[in-house]
Amino acid sequence: LVLVRSGREHVDDSEAEIRREVRRMLEACGIDEPPTPLDRLLEYRRLTSEQRTEITPGVLGRVSRFFKRMGSKIRGLLDTEARLIVVDPFLHPSRQIFLRHHEVAHDVLPWHRDALVYTSEWDLLPSVRTAFEAEANRFAGHAIFQVDHMAHAYRGRRLKITELAGVAAQYGASLSATARQYILIQDIPAALVIGRPAGQLGSREIVLRLALANDAFVRRFGTTIFGSHFETNHPLTAVVNTPSLTLLDMEMTVTDANGAAIQVITDTVFTGYETLTLVHPVRTRGRILARIKSTRTRLLRG
Ligand SMILES: [Zn+2]
């Protein structure tokens with residue numbers, strides 16, 4: 001499984017601008033501590049979401065035609081004309097909140113807004129749509145975690161997945177969105193691996209679907225540390241095979257791109273739907289000694 005660097009998902013060029021737009025929006029709404037009240041953002045953009053308004057038959061017709069055309073691919077939409085956001089009501093509530101922030105992004109980011117006045121998101125060129133989607137997701141993350149708010153609080157601190165659950169509650173976000181943002185703001189080496197169970201209960205394996213890592217992680221360990229799945233006899237699969245077990249801490253040895261063995265701590269939660277695994281390297285004695293040595297050398301030189 002190749003790690004995707006979290007900061008490099010198609011948003012390299014626009015990251016600074018996205019942050020600027022989120023900051024401007026939060027400031028205009030007078031929001032300076034979590035959780036971000038979505039209602040206030042919607043008001044600010046003169047948008048409504050379907051939960052707050054009765055949908056007129058005209059809008060409903062447009063929406064249902066849209067959903068029909070898009071099949072199951074679509075989870076949320078922004079109608080710039082009707083000033084309406086609609087998201088799939090069958091999704092988990094915190095996923096719905098994330099999607100509403102995502103749709104707000106399409107309305108706030110000037111280059112999205114301009115493009116979407118003339119065409120629906122789904123009629124854009126695939127490459128443009130991929131970029132727009134990544135940008136809107138990034139915007140949503142920054143809006144929910146209030147740009148540097150989470151970084152100031154947690155950068156440099158190695159969090160466990162149970163602690164991330166507390167952070168998620170603080171920001172009113174899903175655990176998955178929180179874990180992604182944690183990788184984005186973290187400067188000590190950290191990676192997140194997302195998987196899904198496959199097979200029969202009791203002998204399930206975990207098929208890995210997505211991996212995010214920060215630059216510090218990629219610099220030290222390259223972009224490949226796990227294979228594409230954990231086979232059913234792998235100790236980590238206990239989390240999807242033991243009904244009473246939803247959390248699992250493990251230390252394991254993996255091989256980096258150069259074939260060197262690395263000790264990592266994995267911290268896994270199974271949500272009943274997917275597995276989220278935080279990966280941090282173990283601070284080995286050797287490395288700490290090396291650091292002490294180099295500090296001493298510097299001190300002596302100084
Ligand atoms: Zn979108």
Side-chain angles (χ1 to χ4, degrees), residues 4-29 31 36-53 55-56 58-89 91 95-147 173 177 180-181 184 210 212:
V4 177
R5 263 185 266 192
S6 186
R8 308 257 160 110
E9 291 173 285
H10 314 285
V11 294
D12 261 3
D13 305 332
S14 47
E15 171 75 20
E17 211 158 336
I18 293 170
R19 282 168 177 260
R20 199 158 44 237
E21 291 292 339
V22 173
R23 275 200 198 97
R24 189 178 298 160
M25 174 182 73
L26 294 176
E27 217 173 277
C29 296
I31 298 164
T36 303
L38 183 66
D39 280 6
R40 216 181 298 167
L41 303 187
L42 293 176
E43 223 165 88
Y44 170 64
R45 296 304 307 175
R46 298 176 196 287
L47 286 165
T48 48
S49 76
E50 74 284 12
Q51 286 188 326
R52 309 175 69 224
T53 184
I55 301 176
T56 64
V59 172
L60 194 62
R62 271 219 295 289
V63 169
S64 72
R65 273 200 299 281
F66 195 85
F67 274 111
K68 214 175 263 172
R69 189 150 54 91
M70 292 309 148
S72 59
K73 267 190 306 186
I74 179 155
R75 296 279 185 240
L77 75 89
L78 164 72
D79 188 324
T80 48
E81 232 175 284
R83 308 304 297 153
L84 180 69
I85 286 173
V86 181
V87 303
D88 187 338
L91 295 172
R95 178 95 182 103
Q96 291 188 37
I97 290 171
F98 187 90
L99 279 171
R100 291 202 174 88
H101 281 283
H102 171 112
E103 299 303 335
V104 169
H106 288 315
D107 195 53
V108 170
L109 296 173
W111 65 100
H112 286 218
R113 197 168 59 229
D114 292 347
L116 295 176
V117 166
Y118 300 107
T119 175
S120 110
E121 184 183 333
W122 301 86
D123 296 326
L124 296 168
L125 282 174
S127 60
V128 176
R129 208 183 81 200
T130 305
F132 271 29
E133 287 307 274
E135 287 172 343
N137 285 338
R138 184 57 58 84
F139 181 102
H142 284 319
I144 292 169
F145 298 98
Q146 302 185 358
V147 199
R180 284 165 186 248
Q181 196 76 7
L184 191 65
L210 177 70
L212 305 169

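Predicted, not measured: the structure shown is a model, and the values here were computed from it.
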The side chain to side chain donor-acceptor pair (under 3.5 Å) partners of R23 (sequence neighbours excluded) come to D148
Once side-chain contact (heavy atoms from CB on, under 4.5 Å) is applied, do any residues pair with I97, and if so which ones, sequence neighbours excluded? H101
Test L184 against R138 for side chain to side chain contact (heavy atoms under 4.5 Å, CB included), laying out the working first. CA-CA 10 Å; L184 191 65; R138 184 57 58 84; 3.8 Å; yes
Given side chain to side chain contact (heavy atoms under 4.5 Å, CB included), test V104 with M25 step by step and report yes or no. CA-CA 11 Å; V104 169; M25 174 182 73; 4.1 Å; yes
Roughly how far apart are E133 CD and L124 CG, rounded to 0.5 Å? 9.0 Å
Counterpart residues, side-chain contact (heavy atoms from CB on, under 4.5 Å), relative to R40 (two or more places apart): C29, I31, P37
Let me confirm one number: the CG-CG distance from L99 to L78, rounded to the nearest 0.5 Å. 12.5 Å
Using 0.5 Å steps for rounding, measure from the OG1 atom of T36 to the CG atom of D39. 12.0 Å
Please identify each residue that fulfils ring-ring contact (aromatic ring centres under 6.0 Å, His included) with F139, with sequence neighbours left out. none
For E21, which residues count as a side chain to side chain donor-acceptor pair (under 3.5 Å) partner, sequence neighbours excluded? R24
Within this structure, what is the CD1-CZ distance for the pair I144 and R100, rounded to the nearest 0.5 Å? 11.5 Å
I'd like to check the ring-ring contact (aromatic ring centres under 6.0 Å, His included) partners of H102; sequence neighbours left out, ordered by chain and number. H106
Partners passing salt bridge (charged side-chain N to carboxylate O under 4.0 Å, His left out) against R45 (at least two apart in sequence or in another chain): D107
Is there a donor-acceptor pair closer than 3.5 Å between any side-chain N or O of T48 and the backbone N or O of R83? yes
Using a distance-only test with no angle check, is there a side-chain donor-acceptor pair under 3.5 angstrom linking E135 and W111? yes
Separation between CG (N137) and CZ (R180), nearest 0.5 Å, reads 7.5 Å
So CD1 of I85 and CG of L38: to nearest 0.5 Å the spacing works out to 7.0 Å
